[in-house]
Amino acid sequence: MSEPRFLVDSYLEWAKGEGIPIVEGFGIDLRAVETKPWARLGANGAFVHTLGRGDYMNLYVVDIPPGGSTEPQKHLFEEVFFVLDGQGSTTIETAEGERHTFEWGTCSLFAIPLNTRYRHFNGSGLRPARLCSATNLPLMLNVFHNEAFVFDNDWRFPERLGDERHFNGDGDFLPMRPGRHMWETNFVPDLRTFKLQQWKERGAGGSNIMFILANGTMHAHMSEMPVGTYKKGHRHEADFHVFTVSGEGYSLYWYEGDKDFERFDWKLGSVFAPADMLFHQHFNTSPEPARYLAIAFGSLRYPFTASKRKTFMGMDVDVKAGGRQIEYEDEDPRIYRLFESELAKKGIEPRMDGFFPDR
Ligand SMILES: [Fe+2]
């Protein structure tokens with residue numbers, strides 16, 4: 001008789017069976033991840049499992065060699081790509097034979113419309129390209145625990161394709177209110193130059209945009225912190241993966257009641273994910289504005305969980321009013337002092353005056 005099966009994680013079993021490295025950590029330098037040949041993609045890859053990844057999503061990196069391509073893929077899970085380095089193109093083909101091709105470069109963001117066939121090509125004959133993918137495969141495999149259903153399924157989702165312009169780098173701006181303005185598209189050519197919208201409630205002259213990608217449940221947003229500033233601390237459920245787009249700095253994180261903070265220093269290539277209800281706060285120590293991209297499961301259009309819905313409504317609301325954010329005037333005074341001393345090391349002046357009621 002075979003052993004009874006219990007406490008099964010169907011996604012993790014599948015991932016181990018793929019035969020590529022699985023890298024784990026609170027924060028990870030995606031540029032330094034070692035990849036190995038991955039038969040499924042016909043390219044080198046590695047899974048990246050952050051400790052705060054939650055139950056629904058994963059990351060992997062894939063390297064496309066100079067002049068090379070990946071094997072065509074088609075699957076019943078959502079996938080969002082952030083280009084870490086390189087340039088190339090992706091071709092998407094629907095079941096009806098419609099083809100869409102777009103050209104990406106470093107800091108492009110794009111999504112694969114659900115269950116369409118796609119293939120990546122490296123556009124350089126000299127340099128490799130490295131992409132990071134965020135998917136909801138853990139959710140799908142743990143629900144169905146049937147690999148063929150997820151990877152060999154012909155159901156069509158025409159409502160996920162969107163307008164032709166959404167494959168060409170254009171999109172639709174959907175104004176909501178500060179912090180919730182949406183840009184609907186399938187492809188953002190360069191996050192570094194994308195226009196953001198003011199969001200003063202999250203602190204210190206910051207700005208952001210919420211992306212709706214391929215009409216999906218995978219979420220992405222991008223935020224910018226001006227020079228000499230930091231955002232207010234806040235907390236929410238697990239799975240928001242924070243990628244550096246430009247600049248460098250650090251984030252502090254702590255649980256309610258902790259005496260001290262933990263710290264993660266970030267730069268280009270970094271990703272980290274605060275765990276469930278872990279307070280965290282981002283600090284820009286660069287001589288330039290710092291941008292970060294966050295990818296999660298549960299989008300502003302389709303939040304998926306009640307908790308995500310509450311986060312999207314309460315992420316800039318004071319904890320004293322039932323929200324998720326610590327206002328500047330309520331924060332631990334060590335937070336500002338540390339920021340000031342970190343900036344001093346680089347000869348940068350803090351620009352936080354006017355954001356504290358008493359300063
Ligand atoms: Fe956050």
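We count ligands from 1, going down the list as the structure has it; atoms in each ligand are counted the same way.
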>> Check for me whether Arg40 meets the cation-pi criterion with Phe151, that is, NZ or CZ under 6.0 Å from the six-membered ring centre and within 45 degrees of the ring axis.
In response: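 The answer is yes, since Arg40 meets both limits relative to Phe151.
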
>> Please verify the inter-ring angle class for His100 with Phe167; under 30° counts as parallel, over 60° as perpendicular, anything in between as tilted.
In response: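 Because their plane-to-plane angle is under 30°, the rings of His100 and Phe167 count as parallel.
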
> Is any protein N, O or S atom closer than 2.8 Å to the Fe ion (ligand 1), and if so, which?
Replying inline: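 Protein N/O/S atoms under 2.8 Å of the Fe ion (ligand 1): His234 NE2, His236 NE2, His280 NE2.
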
> Which pairs, with at least one residue in residues 129-142 and sequence neighbours excluded, count as a salt bridge (Lys or Arg N to Asp or Glu O under 4.0 Å)?
Replying inline: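 Only Asp63-Arg130 qualify under salt bridge (Lys or Arg N to Asp or Glu O under 4.0 Å).
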
> Any salt bridge (Lys or Arg N to Asp or Glu O under 4.0 Å) pairs touching residues 115-129, not counting sequence neighbours?
Replying inline: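 Of all non-adjacent pairs touching residues 115-129, those that pass salt bridge (Lys or Arg N to Asp or Glu O under 4.0 Å) are Asp85-Arg127.
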
> Is there side-chain contact between Phe339 and Arg334, with at least one heavy-atom pair below 4.5 Å?
Replying inline: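 No. Closest side-chain heavy atoms not under 4.5 Å.
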
>> Using the side chain to side chain contact (heavy atoms under 4.5 Å, CB included) criterion, which residues pair with Asn136? Sequence neighbours excluded.
In response: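 So Asn136 forms a side chain to side chain contact (heavy atoms under 4.5 Å, CB included) with Phe77, Glu78, Leu139, Met140, Met218, Phe297.
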
